[in-house]
Each structure stands twice: as structure tokens, then as C-alpha cells.
Amino acid sequence: MTAQPCVQVEPGWEDVVRGKESCGEFWVSRRCCGATAGTETARVSGGLCVTADPAGVIAGAPAYDAGRRALTLTLRAAPPEEAPLLAFVHPARAIPLAFARPACCSISADGTLCAAGGADGKAAVYETSTGEVVAKLEGHVDDITRLQFFPSGVVILTGSLDMQMKIWDAKSGVCAATLRGHKRRVTDFAMIGRGRNLVSCAVDGTVKLWECSSQSVIATLFSSDEPLYAIAMSGPLQTETETPRPLEFGTEGRTVAFGGGGGRLRVADVRSAALAFEAPLPSGEDTSPLTCCCFLEDTVVAAGYDSGHVRLWDARHPTAPVHTLDHLYSGATHVARVSSHEVAVSSGDGSLLLWDSTTNAIPVQLTGPNCDPVPDFECTETTCVTVCRDGKLRVYEVAWAQQSH
């Protein structure tokens, strides 16, 4: 597979294009993926003329689509017909957050509400279109690590360093239930179906299956001394079925992927708790923690690592990852499925990009943060929300599939 270059654009590029920035130019840089040196830089004027490009980074004139708030440019390549077309998308709005160190965010299925959580147990719900505060979620006594709307769009689940998960009414901010059972901080969770059951992982090294209405642990599916940081839910991986436990609904054929401090990805059957797949550790010294994961297909999992790599693992070919992304300058913080071969990835360097694993290309990047970490994001078909350590929740009006084709 042809190695694609890593390309970045100056975060304030749209201000230059719209005449809001007095300097009148922005930079575009390119480097070989995996390299820490050898960056080539071009400069582009607010009128979208290439003013300096000694290394021949850009082919032709860049273009700006005001409706999409997107900058598109073509990289110079040999042969020219293989030149990649890239789109950089600016946020439609940025919502200032009233709490420190935002760590997680979510958007309702209909896109009308979004939410964010962070330091000191603080979280809030906002109108996506205006940024107006709808409700404050107050009850955790330590930092919130994870937050997600239920599929209904009117209820929110949060997880925290205080070892608890809480279920909230998204419009009133009332806490309807508290789930207790982990012995150390909750790091991630995943809902099953409509959310009657869910799975969670924590630094205590356990994966637990819950029933929300009774606020009870149905089973501990996995336990080890290794802290766990990421978990994801998918459909069938094994054909045999097990008798469900009491209070267990919609788990037949479901599998759960998880990983953490040891860097190893595991996949287990929810009903039987039997391990169905265990990825080998990479050779050499690269045993960095696994920080995020998601299913692309029933047997394919994308896993992000603190080393800045994203690896695609296929249980049908378990000896090595089938594809690897090494475009990131910093550790991967979150991954999400876009299609069976496309993954959205955020990182500690402030980037959020779309990776096409079949071509190893990055056709779309969301811009805005100036090297501040983007710890989390979530997307609907037409909107994406992100949180950044600069204290803002950004809303992008972007359909990944439309941007990348």
C-alpha cells in the first residue's frame, strides 16, 4: 500500500480566507508519516493564491466552500493522477464551557442536543444550534471521564473517577439512577441496543455487565490486574448461544472489545464471557496503552494507542493488524466507525481526521484546536461535536461520507 503523507493546515486558516486575520496568509505543511523531521511547508494567501511553496507541496489553487466551511486542496504527487484531494473543515460554532479540563462529549441522535463533561464532576447539556445551556448535571464528586446520550436522546449516561455511573434526564438535569460496583475509576462504557443493558470497564481491570433499571451488576465478564481504558460493543462473532442471565436483554450473539494499560486488545462473547480473540502484542518496545476502540465489522476492530498508532485487527487473521495508521503526532484519544473501511480518529495533538484504511489516505480533517488535545468526539450523519482542552465544545456541520467522496 502506498504511504500517504501527513498534511496539516494552520488552525486559523478560515479567518485568513474571510479577511478576519491581518497577516493575510496561512501555512500548509506536509511530512512523511512516521517521520519526526523533514516537514515541507507552503504558504497560501487569503485570496487562495499559493505565495510560497519551495518543495512543491500543493498542485493547483486551493478552493473554499463557504457553505461547507471547507478548504480543499490537491497535493502534488507523481504520477499526477494519484494526487490526493484533501478537505479541511472549520467548525460552524464553538461553545465555551464553564468548567475546566473537558474530557468527554456526546450528541443526541436527532442532533438537537449536545453535552460535555469534565473536571470536578461538572457536566452540562446544550442546544446544538445555539449553545444555550439546557441543564447542568451535578452529582459526581470527581472528574467525569465518559458521557453519552442514550439512543432515545432524552437520557444521558456518565462515568467518573468517583467509581460511579449515573443516568440523567437530559432536559431537567435530574439524576434518575446511580450504578455502583467498580472499585476504581470508570474509564469507558458501551450500551447494548436501546440501553437496558450496558457494559463498562475501569482501572480496577474489570469488565462488568449492568441492568440499568435495577442499577445492578449482572456479571463480571473479565477481570485482571491490568487497568482497562476502552470498550466497544458489536454484533455476532460466535454462532453458539448461551442461556441469558436474569435481567439480561439483547445480548445474544453480542461481543465486547476492550483493552488498556497492557496494550492488548481482547474480544469476548457477552453471554458466555469466553474470550473469542486476543490480539498479539506488537514486536519491539511498542507496548503503549490501548486508549480507544470501536468495531468496523463483526470481526474487525479499530484500536487506538497512546503511541499515536491506530491498528485494524481482524479476528479471522489474528497474527498481525491488517492495517495501521501512523499519521498522528500524539496519542489516539477516540475512534469511531464511519464505514466498514473508514475510521474517524482524534488525538492529543488537536487533530480529528477521517482515515480510509483501504488507501491509507486522510481525505478529511476537522480543524480549529491549536495543538490542544481533543479527548473525545461524537457524530451523527450530519453533525460532529468535539471537546478540546482549550475549554470549547465545537460543532461541525459535516457528513463524513459526503466530504470524503
Side-chain angles (χ1 to χ4, degrees), residues 1-6 31-36 84 187-188 190 201 207 222 224 226-238 255-269 275-349 351-365 400 404:
M1 183 183 297
T2 303
Q4 298 289 342
C6 303
R31 68 176 174 88
C32 294
C33 294
T36 57
T187 51
D188 202 3
C201 66
V207 173
F222 180 81
S224 75
E226 172 188 319
L228 298 178
Y229 302 138
I231 197 166
M233 179 62 60
S234 185
L237 185 63
Q238 297 178 333
T255 54
V256 57
F258 53 93
R264 190 185 300 276
L265 174 71
R266 296 179 173 92
V267 179
D269 180 80
L275 283 177
F277 171 70
E278 190 169 10
L281 291 174
S283 59
E285 298 180 357
D286 183 13
T287 56
S288 60
L290 187 155
T291 53
C292 48
C293 62
C294 68
F295 279 91
L296 301 190
E297 299 182 67
D298 291 339
T299 62
V300 180
V301 180
Y305 299 83
D306 194 52
S307 62
H309 295 90
V310 178
R311 300 185 176 101
L312 261 57
W313 296 95
D314 191 332
R316 298 166 297 186
H317 310 284
T319 57
V322 291
H323 296 296
T324 299
L325 170 72
D326 57 2
H327 284 59
L328 306 179
Y329 286 88
S330 186
T333 56
H334 189 63
V335 291
R337 181 187 188 275
V338 175
S339 72
S340 61
H341 63 277
E342 294 174 312
V343 187
V345 185
S346 61
S347 82
D349 63 13
S351 62
L352 200 168
L353 50 86
L354 176 67
W355 174 39
D356 186 333
S357 65
T358 59
T359 62
N360 204 32
I362 305 295
V364 185
Q365 295 188 45
W400 289 110
S404 61

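Everything quoted here is computed from the prediction, not taken from an experiment.
Of the N and O atoms on the side chains of Thr255 and Ser234, not one donor lies less than 3.5 Å from an acceptor on the other residue.
Taking both residues in full, the closest heavy atoms of Ser347 and Ser330 are given as CB-O, 4.1 Å, listed atom of the first, atom of the second, then distance. Nearest heavy atoms, Cys293 versus Leu290: CB-CD2, 4.4 Å. Here the closest heavy-atom approach between residue Ser339 and residue Leu296 is recorded as O-CD2, 4.0 Å. Scanning both residues, Arg337 and Cys294, for their nearest heavy atoms gives N-SG, 3.7 Å. Here the closest non-hydrogen pair linking Pro280 and Arg264 is CA-NH1, 3.8 Å. Looking at every heavy atom in both residues, Ile231 comes nearest to Ala190 through CG2-N, 4.0 Å.
In this structure, Leu352 CG and Thr333 OG1 are separated by 7.5 Å, a value rounded to the nearest 0.5 Å. Between the OG1 atom of Thr358 and the CD atom of Glu342 there is a distance of 7.5 Å, given to the nearest 0.5 Å. Taken to the nearest 0.5 Å, the OG atom of Ser346 stands 9.0 Å off from the CG atom of Leu328. Remark: Cys201 SG to Phe222 CZ distance equals 11.0 Å, nearest 0.5 Å. The NE2 atom of His334 sits 7.5 Å away from atom SG of Cys292, with the distance rounded to the nearest 0.5 Å.
Side-chain atoms of Thr299 never come within 3.5 Å of backbone atoms of Ala315 as a donor-acceptor pair (strictly under, hydrogens ignored).
Each salt bridge (Lys or Arg N to Asp or Glu O under 4.0 Å) pair with one or both residues in residues 312-325, not counting sequence neighbours, appears once here: Asp314-Arg316.
In this structure the side chain of His341 reaches within 4.5 angstrom of the side chain of Asp356, judged on heavy atoms. Contact of the Trp355 side chain with the Ile362 side chain is registered, since non-hydrogen atoms from C-beta on lie closer than 4.5 Å. With a 4.5 Å cut-off on side-chain heavy atoms, Val343 and Ser357 do not count as touching.
Note on ring orientation: taking the six-membered ring where Trp is involved, the planes of Phe277 and Trp313 are tilted (angle from 30° to 60°).
For Ala268, the side chain to side chain contact (heavy atoms under 4.5 Å, CB included) criterion is met by Val256, Phe258, Leu275, not counting sequence neighbours.
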